[in-house]
Number of protein chains: 2
Amino acid sequence: METKEKIVTEAITFITTRGTNAFSYKDISKEIGIKTSSIHYYFPTKNDLIVAVLEHVIQKNKEDRKRNNYSNMKSALRGYIDEHILIREQNKVSIIAALAADINTLEPQIKAILNNYIEEEIDYLAHILDKGEKEKLFVYKAAPRIQALMILTNLLAISRISMITEKIYFDEVSRQILIDIEKK
Amino acid sequence: METKEKIVTEAITFITTRGTNAFSYKDISKEIGIKTSSIHYYFPTKNDLIVAVLEHVIQKNKEDRKRNNYSNMKSALRGYIDEHILIREQNKVSIIAALAADINTLEPQIKAILNNYIEEEIDYLAHILDKGEKEKLFVYKAAPRIQALMILTNLLAISRISMITEKIYFDEVSRQILIDIEKK
DNA sequence: AAATTTCTATCTACTAATAGGTAGATAATC
DNA sequence: GATTATCTACCTATTAGTAGATAGAAATTT
């Protein structure tokens, strides 16, 4: 892996485990064995690095989803939940949860990118829910985008909560999401 | 207000708006017009201050709830949601959301207090849900404690998300919580 | 009641470490 | 020879924390 990619990879780990204000260029430099000035060569400011991290994660997520080809909306929803399970198993949180926590200390640029990404996430999940409802697979009361928000918020927050309480809570909540929505 | 209380009050604001790693003793000192060394006099380390903040918020919340005397479980649930609305209106997040975000950078002591507090929150909400169900006011599929977690996670995460997206999302989610659970 | 001691809260002054960032030399690659 | 990537060396500001002085209030002794 080339240096630039290594830096982004390490930054992702720090941001999604400790937050943007609890890691420094020195932390990354120690981790991959280069000097902090070399990181500044690729990412002049910390904001540049965070932007690169955010765009990298968004891009990767898009590609991963393109690869999946779900036969029905039930497995599409399960696949969506699996994305969150995977992050949880690595003791990380999603980039949305990570950057949302620091939003008042970040530059407006990041807020804008993040806002756009969250809307896309809601769209993606709402589409699965809407299609699944029309196929008589799901039942729920809210509008699809609001129902998507209900599920997204369950996953984002239980990911955080289960780092403090018993890990089992994560499984119970993710299971309940499916029970509440799958018909019969 | 005496100095010690002022320090805790300011620290609460910083922690619930910027996070524990994005404020310093200097920030507080500037805000209330004393030297940082005077803050160290009351709270020798930053961990001491965060512990004091956490215990203060827990205590205050307990007292506020004792003052309320809900006639039925429907208004008790609405009262619980109102607590979160109040925090959101101040552009803050709950102390649980705030400290959960920084948990990997905090001392084990804080994790222990927070774990205990989260369990108490689940108990409190689960009790409302359970009683309300027995009184035929609520309908839901999960065990009371899991249903409590579903609602708590909705509120914690939408509080964060709505700081990035449209504020309206917060109202839509909090309204949906009630629609989904209130019988007929 | 006056004098003295102790306590409380604050201040000035300092420290070692870290943060984010810059300038410019140098080596390796195209 | 120019470009790319890395390094050394530096800078300014901030961070968390300590040591010790001091002023005023409160308690104690004479």
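Chain naming here is simple, since letters A, B, ... match the order of the sequence lines and numbering starts at 1 in each.
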To the nearest Å, give me how far apart [atom1] ([X]) and [atom2] ([N]) are.
X: Y25(B); N: dT10(C); atom1: OH; atom2: P; value: 15 Å
X: K46(B); N: dT18(D); atom1: NZ; atom2: C1'; value: 18 Å
X: I28(A); N: dG21(C); atom1: CD1; atom2: C1'; value: 14 Å
X: D27(B); N: dA16(D); atom1: CG; atom2: C1'; value: 13 Å
X: R18(A); N: dT18(C); atom1: CZ; atom2: P; value: 13 Å
X: H40(A); N: dG24(C); atom1: NE2; atom2: P; value: 17 Å

Discussion item. Between K62(A) and K66(A), is there a side-chain heavy-atom distance shorter than 4.5 Å?
Written reply: no
Kindly write out the residues that satisfy side-chain hydrogen bond (donor to acceptor under 3.5 Å, both in side chains) with [X], not counting sequence neighbours, or none if the list is empty.
X: N104(A); result: none
X: K134(A); result: D130(A)
X: T45(A); result: D48(A)
X: Q90(B); result: none

Practice prompt. Using a 4.0 Å heavy-atom cut-off across all strands, classify F43(A) as base, sugar-phosphate, or nothing.
Written response: nothing
Could you list, one pair per line, each protein nitrogen or oxygen that sits under 3.5 Å from a nitrogen or oxygen of nucleotides 4-8 of chain D, together with the distance?
| unit_1 | atom_1 | unit_2 | atom_2 | d |
| --- | --- | --- | --- | --- |
| dA5(D) | OP2 | Y41(A) | OH | 3.2 |
| dT6(D) | OP1 | T3(A) | OG1 | 2.8 |
| dT6(D) | OP2 | Y42(A) | OH | 2.4 |
| dC7(D) | OP2 | K35(A) | N | 3.0 |
| dC7(D) | OP2 | S38(A) | OG | 2.8 |
| dT8(D) | O4 | S37(A) | OG | 3.0 |

Worksheet item: Does anything in residues 73-123 of chain A pair up under ring pair (Phe, Tyr, Trp, His ring centres under 6.0 Å), and if so which pairs, sequence neighbours excluded?
Response: Y80(A)-H84(A)
Practice prompt. With sequence neighbours excluded, give me every ring pair (Phe, Tyr, Trp, His ring centres under 6.0 Å) pair touching residues 21-73 of chain A.
Written response: F14(A)-F23(A), Y25(A)-H40(A)
Response to the item:
Under a 4.0 Å heavy-atom criterion, the protein footprint on nucleotides 25-30 of chain C, written with B, S and -, is ------
Worksheet item: Can you name the side-chain contact (heavy atoms from CB on, under 4.5 Å) partners of I181(A), sequence neighbours left out?
Response: L77(A), L129(A), F138(A), Y140(A), Q147(A), I151(A)
